[in-house]
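Quick note on labels: first sequence line is chain A, next is B, and so on, each numbered from 1.
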Amino acid sequence: MTEFELSLFNNLASIPKGRLISYGGLAKLSGYPNHARHVGKVLSKLPKDTKLPWFRVVNGQGKISLQGEAYQRQKTKLEMEGIEVNEQGKVINFKHLKY
DNA sequence: AAAGTGACGGTCT
DNA sequence: AAGACCGCCACTT
């Protein structure tokens, strides 16, 4: 467990329901700007039963980055919080925490 | 050891 | 508005 991951998990856990953050924003918030890709890498290793709100992380264009089955899982999770996702994977009714 | 690979992002066209 | 381009960095081949 690196310091980056620890900070990342703490910040991610603090994202309120109904709000989103970008990969780059989360990286910067965790003290590592320009590490957006690393954030995705870390999140991809989370256990499927994690309590962390991984689904509240979208890319800089406000779109879901996951593909296929995973895309559907995130979309469903977001819709359960009242966030709409259009045909292009873009989130509509949301308040972003930080980009 | 060099090259490829992403749950990415800012700029330029 | 949408792509193309390039920078980025840990990991895997």
Side-chain angles (χ1 to χ4, degrees):
Chain A
M1 176 70 67
T2 68
E3 183 200 337
F4 171 65
E5 291 170 327
L6 192 58
S7 177
L8 174 56
F9 292 150
N10 280 332
N11 287 125
L12 177 55
S14 75
I15 307 299
K17 175 180 164 210
R19 299 227 176 187
L20 305 179
I21 192 170
S22 68
Y23 293 91
L26 188 51
K28 185 162 56 176
L29 203 60
S30 303
Y32 288 77
N34 307 325
H35 287 232
R37 301 194 86 130
H38 192 32
V39 169
K41 192 84 164 174
V42 173
L43 295 189
S44 72
K45 294 182 302 200
L46 287 174
K48 80 174 200 299
D49 59 357
T50 181
K51 298 291 188 279
L52 291 171
W54 56 270
F55 48 88
R56 301 210 264 251
V57 184
V58 296
N59 67 29
Q61 287 89 79
K63 297 195 287 189
I64 292 178
S65 287
L66 298 185
Q67 302 297 312
E69 204 74 27
Y71 168 88
Q72 292 300 334
R73 282 194 284 110
Q74 180 168 13
K75 181 172 185 285
T76 301
K77 284 287 214 173
L78 291 177
E79 289 174 338
M80 284 193 286
E81 296 195 352
I83 296 172
E84 297 178 37
V85 180
N86 72 12
E87 313 74 31
Q88 317 182 63
K90 180 156 184 170
V91 293
I92 307 299
N93 299 326
F94 72 100
K95 301 177 180 180
H96 68 276
L97 195 60
K98 200 161 195 105
Y99 274 130

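Between the CG atom of A/L26 and the P atom of C/dC9 there is a distance of 17 Å, rounded to whole Å. Distance OH (A/Y23) to P (C/dA10): 19 Å, rounded to an integer number of Å. B/dA7 atom C1' lies 14 Å from atom CD1 of A/I21, rounded to whole Å. Look at CG on A/L43: it is 13 Å from C1' on B/dG6, rounded to the nearest Å. Rounded to an integer number of Å, the gap from A/Q61 CD to C/dG3 C1' is 11 Å. Whole-Å rounding puts the A/K45 NZ to C/dC9 P distance at 17 Å. As rounded to whole Å, 16 Å separates atom P of B/dA7 from atom CD of A/E69. Taking atom CG on A/L46 and atom C1' on B/dG6, their separation rounds to 16 Å, with Å as the unit.
The closest donor-acceptor contact from the side chain of A/Q67 to the backbone of A/S65 lies under 3.5 Å. Put simply, the side chain of A/S7 gets close to the backbone of A/S30: a donor and an acceptor are under 3.5 Å apart. For the pair A/R19 (side chain) and A/F94 (backbone), a donor-acceptor distance under 3.5 Å is absent. A distance-only check finds a donor-acceptor pair linking the side chain of A/E81 to the backbone of A/G18 [under 3.5 Å].
Closest approach of A/N86 to A/Q88, counting heavy atoms only: OD1-N, 2.8 Å. Nearest heavy-atom pair, A/T50 versus A/W54, reported as atom, atom and distance to 0.1 Å: CG2-CD1, 3.7 Å.
Contact annotation: A/S22 side-chain N/O to B/dG9 OP1/OP2 distance is under 4.0 Å.
Inter-residue side-chain proximity for A/I92 and A/I83 is flagged as unmet; no heavy-atom pair is nearer than 4.5 Å.
For the contact set between residues 31-38 of chain A and DNA chain C, defined by any heavy atom under 4.0 Å, the members are A/H35, A/R37, A/H38.
Between A/E5 and A/Q88, it is A/Q88 whose nearest contact on DNA chain C lies nearer the 5' terminus.
When each of A/L26, A/I21, A/L29 is tested with A/V39 by the rule side chain to side chain contact (heavy atoms under 4.5 Å, CB included), just one qualifies, namely A/L26.
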Any protein N or O atoms within reach of nucleotides 3-5 of chain B? Criterion: under 3.5 Å, listing atom names and distances.
none

Please enumerate all protein N or O atoms sitting under 3.5 Å from an N or O of nucleotides 11-13 of chain B, with distances to 0.1 Å.
none

_Full working for side-chain contact (heavy atoms from CB on, under 4.5 Å) between A/V58 and A/K63_ = CA-CA 6 Å; A/V58 296; A/K63 297 195 287 189; over 6 Å; no
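Atom CD of A/Q72 and atom CD of A/E69 lie 7.5 Å apart (nearest 0.5 Å).
Here A/H38 and A/Y32 keep their ring centres 6.0 angstrom or further from each other.
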